[in-house]
Amino acid sequence: MNFWLVKSEPTTYSWQLFKEQGKAKWDGVRNYQARNYLMQMKKNDQVLFYHSNIGKEILGLAKVISEAYPDPTTPEKQWVAVDLVPVEEFKKTVKIEQIKAEIKLKDVLLIKQSRLSVMPLTKEQFDILYQMTK
DNA sequence: GCCAACGTTGGC
DNA sequence: GCCAACGTTGGC
């Protein structure tokens, strides 16, 4: 079991829309580092969903239901997509300031490499973030 | 709206 | 292969 965090601008694709649709194709990624992480995702991996720009918070938990396949939004062969489904909506979201304020989360790539849109979390990082929603 | 960070492109 | 220029992202 692996743990991930994916980022989306709510004006582009929001958690609310994800929840309504009940499933998302995580496509359109055009960054090699993010692409490489998408390719490592396995079925049932846990994925935290973060809103960048507006909100700047983790709103919910998703899981992987389809592992990487060719991205249908481009004819270029090098890009991939995965399918995610919502699992849980957090009553308490986790704001970026809270993440920054927690010393144990200082190595989370969201902080260190803010432009990356798909990133791995260690189990410890995931557990701490998840606890912060309770 | 600004700017830092960073990825990509293209000239050499 | 290097690096300047440029575009994009995202926090503030």
Side-chain angles (χ1 to χ4, degrees):
Chain A
M1 167 87 70
N2 298 306
F3 302 93
W4 308 93
L5 184 147
V6 296
K7 227 167 45 177
S8 180
E9 290 191 52
T11 50
T12 305
Y13 189 80
S14 68
W15 168 259
Q16 282 73 23
L17 187 60
F18 179 41
K19 203 177 50 172
E20 283 165 27
Q21 295 183 337
K23 181 179 170 180
K25 272 194 195 340
W26 213 258
D27 57 21
V29 171
R30 298 291 181 271
N31 169 285
Y32 285 103
Q33 201 178 349
R35 191 271 323 252
N36 291 342
Y37 291 135
L38 282 182
M39 293 195 304
Q40 292 170 31
M41 287 189 182
K42 297 293 176 199
K43 200 174 174 184
N44 295 321
D45 278 359
Q46 310 268 87
V47 183
L48 293 175
F49 192 114
Y50 174 81
H51 275 177
S52 61
N53 285 316
I54 300 167
K56 285 170 280 184
E57 59 192 350
I58 297 169
L59 299 100
L61 177 66
K63 71 173 180 179
V64 178
I65 57 159
S66 302
E67 297 175 10
Y69 56 88
D71 187 335
T73 66
T74 174
E76 294 173 24
K77 302 271 188 265
Q78 70 265 40
W79 305 115
V80 301
V82 299
D83 290 345
L84 303 179
V85 291
V87 173
E88 179 185 350
E89 179 168 63
F90 299 142
K91 292 192 176 59
K92 276 169 60 186
T93 61
V94 182
K95 300 268 185 189
I96 195 165
E97 304 89 67
Q98 294 174 260
I99 301 170
K100 285 187 166 175
E102 173 53 69
I103 186 73
K104 287 180 184 159
L105 297 176
K106 71 174 170 51
D107 292 328
V108 171
L109 290 174
L110 186 66
I111 308 300
K112 296 187 110 175
Q113 208 180 333
S114 66
R115 294 181 55 187
L116 189 61
S117 62
V118 178
M119 64 194 74
L121 295 170
T122 65
K123 181 172 191 316
E124 189 194 11
Q125 290 167 348
F126 177 88
D127 287 344
I128 293 168
L129 287 168
Y130 189 76
Q131 273 314 114
M132 290 167 85
T133 70
K134 300 302 162 197

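Within every chain, numbering begins at 1; the chains are lettered A, B, ... in the order of the sequence lines, protein sequences first and strands thereafter. In this text the structure is predicted, and so the values were computed from the model without any measurement.
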Are E67(A) and K43(A) within salt-bridge range, i.e. N to O under 4.0 Å? no
Hydrophobic cluster membership, with links at side-chain heavy-atom distances under 4.5 Å among I/L/V/M/F/W/Y: are M39(A) and I65(A) in one? no
Mind checking whether H51(A) and F49(A) have parallel, tilted or perpendicular rings, split at 30° and 60°? perpendicular
Using a 4.0 Å cut-off to any heavy atom of chain A, which nucleotides of DNA chain B are the first and last in contact, reading 5' to 3'? dA5(B) to dT8(B)
Has the side chain of D71(A) got a donor or acceptor atom that lies under 3.5 Å from a matching backbone atom of G28(A)? yes
State yes or no: are the ring centers of F90(A) and W15(A) separated by less than 6.0 Å? no
